Amino acid sequence: MNEFERAYTTKEVAESLEIGQSTLRKWSISLEQSGYPFTKNDQGYRLFLERDIEILKQFKKLVKEQSMPLENASTLIVEHMDTQSFSTRTEVALSKETAVSPPSLRNDEMDERLMEFMDKQEAFNDQLLEIIKQQQQTIKELEMYIDEKLERRDHQILSIIRESQETKKLLLEQKKQEEEQKKEKPGFFKRLFN
């Protein structure tokens, strides 16, 4: 970094690019993940130099005007940087042809990666579906078990209630019979004095 080179804040760069600060952070992270080195201060905050702003302008063209995914735009920019020096002229010397149509080999590679990702995603989705089916089967079995237990309990309760009612009925009949017997038979003293 040149001793007299001015560094800009995230807010300043976002305003100059006419984007939000959060968008600038996402773009910066994407570029860093692809290998682009930003200058940082002692606290770890990014400091944007003139060359960074030029890179971000090119990045904006790719992402906003050409609707390129962040990862692809980052990779394309980093691949076209002059790895020997980071001068503004050589960092992103992307011609309109290169920006519009990257080499077909790169497209093939991206297509292959995309297909791999789709295959992995499909396999993952299949695993999730299998897990969901197993959980649904377990839930059905559990519901059947609970229903069976509840039905048994209901039968037991009804049986106990019937037995209790029958016992009460028998006790009432027995009590009635005892009262009738008392009325019919005169007591010992009654018989003695009659």
Side-chain angles (χ1 to χ4, degrees), residues 1-140:
M1 177 174 131
N2 186 337
E3 212 176 299
F4 301 106
E5 195 172 358
R6 180 164 189 262
Y8 299 90
T9 65
T10 301
K11 183 178 179 182
E12 291 171 325
V13 175
E15 286 174 1
S16 75
L17 293 173
E18 297 176 348
I19 59 172
Q21 291 182 41
S22 61
T23 301
L24 178 58
R25 285 189 195 94
K26 285 180 195 172
W27 291 2
S28 301
I29 290 169
S30 182
L31 283 165
E32 285 176 333
Q33 288 174 343
S34 293
Y36 183 82
F38 282 101
T39 305
K40 295 189 178 181
N41 66 11
D42 295 339
Q43 289 84 27
Y45 295 114
R46 285 182 203 90
L47 299 174
F48 297 93
L49 307 176
E50 288 294 333
R51 68 172 185 254
D52 300 327
I53 295 171
E54 289 301 315
I55 291 285
L56 289 163
K57 284 179 184 175
Q58 291 298 323
F59 191 86
K60 181 180 178 181
K61 285 181 186 175
L62 294 173
V63 172
K64 294 282 187 182
E65 295 172 16
Q66 298 176 18
S67 302
M68 189 178 283
L70 295 182
E71 183 181 308
N72 295 359
S74 301
T75 304
L76 187 63
I77 285 177
V78 170
E79 283 178 357
H80 287 85
M81 284 175 28
D82 179 7
T83 56
Q84 304 286 323
S85 72
F86 290 102
S87 69
T88 306
R89 288 188 305 245
T90 59
E91 272 187 338
V92 182
L94 295 174
S95 66
K96 287 186 181 176
E97 297 169 18
T98 308
V100 172
S101 59
S104 64
L105 178 62
R106 184 74 186 135
N107 282 342
D108 292 343
E109 185 180 317
M110 292 306 288
D111 288 346
E112 190 176 314
R113 284 185 187 173
L114 185 59
M115 290 303 291
E116 282 178 29
F117 174 77
M118 287 171 55
D119 289 343
K120 287 178 183 176
Q121 189 65 41
E122 190 173 329
F124 178 73
N125 290 345
D126 289 343
Q127 287 176 343
L128 281 179
L129 285 173
E130 187 60 36
I131 290 169
I132 289 170
K133 284 178 185 175
Q134 289 174 357
Q135 287 178 341
Q136 288 174 340
Q137 182 63 32
T138 303
I139 289 170
K140 283 180 185 176

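Predicted, not measured: the structure shown is a model, and the values here were computed from it.
- Note: L47 CG to T39 OG1 = 6.5 Å, rounded to the nearest 0.5 Å.
- Side-chain polar atoms of D52 and Y36 form a donor-acceptor pair below 3.5 angstrom.
- Under a 4.0 Å N-O distance rule, the pair K64/E18 does not qualify as a salt bridge.
- Within 6.0 Å of NZ on K60 lie more than 12 heavy atoms contributed by other residues, nucleotides or ligands.
- Rounded to the nearest 0.5 angstrom, Q21 CD and T23 OG1 are separated by 10.0 Å.
- Between D126 and E130 there is no side-chain heavy-atom pair separated by less than 4.5 Å.
- Between atom OG1 of residue T9 and atom CG of residue L24 there is a gap of 9.5 Å, rounded to the nearest 0.5 Å.
- Counting heavy atoms from C-beta on, the side chains of L56 and L31 come closer than 4.5 Å.
- Between L49 and R6 the shortest heavy-atom distance is CD2-O, 3.8 Å.
- Between K57 and E54 there is a salt bridge, since a side-chain N of the basic residue sits under 4.0 Å from a carboxylate O of the acidic one.
- Using a 4.5 Å cut-off on side-chain heavy atoms (C-beta onward), I29 and R46 make contact.
- Annotation: the span from I139 atom CD1 to I132 atom CD1 amounts to 10.5 Å, rounded to 0.5 Å.
- The line from CG of N125 to CD of Q121 is 5.0 Å long, rounded to the nearest 0.5 Å.
- A donor-acceptor pair is defined here as one N or O able to donate and one able to accept, closer than 3.5 Å; no such pair exists between the side chain of S30 and the backbone of W27.
- Rounding to the nearest 0.5 Å places CD1 of I55 at 11.5 Å from OG of S28.
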